[in-house]
Peer 1: 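First the structure, which I've put down as structure tokens, then a few questions once you've had a look.
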Amino acid sequence: MTAGLQTIIYPVKDLDRAKALFSALLEVEPYADEPYYVGFKDAGQDVGLDPHGHAQGMTGPVPYWHVSDVRARLAALLAAGAELLQDVRDVGGGKLIASVKDPDGNIVGLTQDPR
């Protein structure tokens, strides 16, 4: 079961320029501002900027489906023919993420909030 798409991550090459652009767009300051990730919350959405996204295979923005069991959803996607891009990993505070590529080359992200 999912809780829908609530997070989108943009791979960026210049984190400072991207941060300025999204600050201007969203008219909010980032809630997370680290050299490895900048995150904004606006209108129920989490918008992230990842300066390492391109190196991790991101070719554009990646939507993340919020799920109750990331390992089970990942296994289901792999069984349905998806290609593993990033296995489940903790990105801090117990938040888990994973990603796959569907048969058409689209990246599908999964995230599970801490329990």
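Any value given below was found using the heavy atoms of this structure, including those in side chains, with hydrogens, waters and symmetry copies removed.
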Peer 1: Within the structure provided, determine whether Asn106 and Lys101 are in side-chain contact (heavy-atom separation under 4.5 Å).
Peer 2: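 Side chain of Asn106 against side chain of Lys101, heavy atoms only: no contact under 4.5 Å found.
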
Peer 1: With sequence neighbours excluded, give me every side chain to side chain donor-acceptor pair (under 3.5 Å) pair touching residues 12-24.
Peer 2: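 Only Lys19-Asp33 qualify under side chain to side chain donor-acceptor pair (under 3.5 Å).
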
Peer 1: Indicate the atoms forming the closest heavy-atom contact of Pro30 with Val38, along with that distance.
Peer 2: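 Scanning both residues completely, I find the closest heavy atoms to be CB-CG1, 3.6 Å.
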
Peer 1: For residues Tyr64 and Leu110, determine if any side-chain heavy atom of one lies less than 4.5 Å from a side-chain heavy atom of the other.
Peer 2: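 They are not in contact (no side-chain heavy atoms under 4.5 Å apart), so the answer is no.
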
Peer 1: Considering all heavy atoms of both residues, which atom of Gly109 and which atom of Val62 are nearest to each other, and what is their separation?
Peer 2: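 Heavy atoms only, the tightest pair is N-CG1, 3.9 Å.
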
Peer 1: Any chain of hydrophobic side-chain contacts (each under 4.5 Å) joining Val12 to Ile8?
Peer 2: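 Yes; Ile8 is reachable from Val12 via cluster members.
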
Peer 1: Test your reading of the model: is there a side-chain donor-acceptor pair from Glu27 to the backbone of Ala24, 3.5 Å cut-off?
Peer 2: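 Answer holds: no.
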
Peer 1: Before you tell me yes or no, could you show the steps for Trp65 and Val108 under side chain to side chain contact (heavy atoms under 4.5 Å, CB included), namely the whole-Å CA-CA distance, both residues' side-chain angles and the distance that decides it to 0.1 Å?
Peer 2: CA-CA 8 Å; Trp65 290 89; Val108 177; 3.9 Å; yes

Peer 1: If two hydrophobic side chains count as joined below 4.5 Å and joins carry through other members, does Ile107 share a cluster with Ile9?
Peer 2: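 Yes, Ile107 and Ile9 fall within the same hydrophobic cluster.
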
Peer 1: Contact between Gln112 and Leu74 at the side-chain level, heavy atoms closer than 4.5 Å - yes or no?
Peer 2: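 When only atoms from C-beta onward are counted, Leu74 and Gln112 do not touch, as no gap falls below 4.5 Å.
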
Peer 1: When rounded to the nearest 0.5 angstrom, what is the spacing between CZ in Arg71 and CG in Leu96?
Peer 2: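 Separation between the atoms: 5.5 Å.
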
Peer 1: So, are Asp113 and Lys95 salt-bridged, with charged N and O less than 4.0 Å apart?
Peer 2: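 Yes, this pair counts.
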
Peer 1: Show, in sequence, the C-alpha distance, side-chain angles and deciding distance for Val100 and Leu78, and conclude whether the side chain to side chain contact (heavy atoms under 4.5 Å, CB included) test is met.
Peer 2: CA-CA 8 Å; Val100 299; Leu78 294 173; 4.1 Å; yes

Peer 1: For the backbone of Leu84 and the side chain of Ser99, can you confirm whether one donor and one acceptor N or O come within less than 3.5 Å of each other?
Peer 2: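 Judged by distance alone, no pair lies under 3.5 Å.
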
Peer 1: Can you get from Met58 to Leu15 by hopping between Ile, Leu, Val, Met, Phe, Trp and Tyr side chains that sit under 4.5 Å apart?
Peer 2: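 Each belongs to a different hydrophobic cluster.
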
Peer 1: Drop me the distance from Thr111's OG1 to Leu5's CG, to the nearest 0.5 angstrom.
Peer 2: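 The OG1 atom of Thr111 sits 11.5 Å away from the CG atom of Leu5.
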
Peer 1: For Pro51 and Pro35, work out which heavy atoms get closest and say how close.
Peer 2: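 Closest approach of Pro51 to Pro35, heavy atoms only: CG-O, 3.3 Å.
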
Peer 1: Restricting to pairs with a member in residues 42-61, which pass side chain to side chain donor-acceptor pair (under 3.5 Å), not counting sequence neighbours?
Peer 2: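 For residues 42-61, and leaving out neighbouring residues, the side chain to side chain donor-acceptor pair (under 3.5 Å) pairs sorted by first residue read Tyr31-Asp46.
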
Peer 1: When you look at Phe40 and Leu49, which way does the side chain to side chain contact (heavy atoms under 4.5 Å, CB included) test go after all the steps?
Peer 2: CA-CA 9 Å; Phe40 297 89; Leu49 309 175; 3.9 Å; yes

Peer 1: What pair of heavy atoms forms the shortest contact from Pro103 to Gly81, and how long is it?
Peer 2: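 So the minimum-distance heavy-atom pair works out to CG-O, 4.1 Å.
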
Peer 1: Under the 3.5 angstrom rule, does the side chain of Arg73 hit a backbone N or O of His66 as a donor-acceptor pair?
Peer 2: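 Here the side-chain-to-backbone pair does not exist.
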
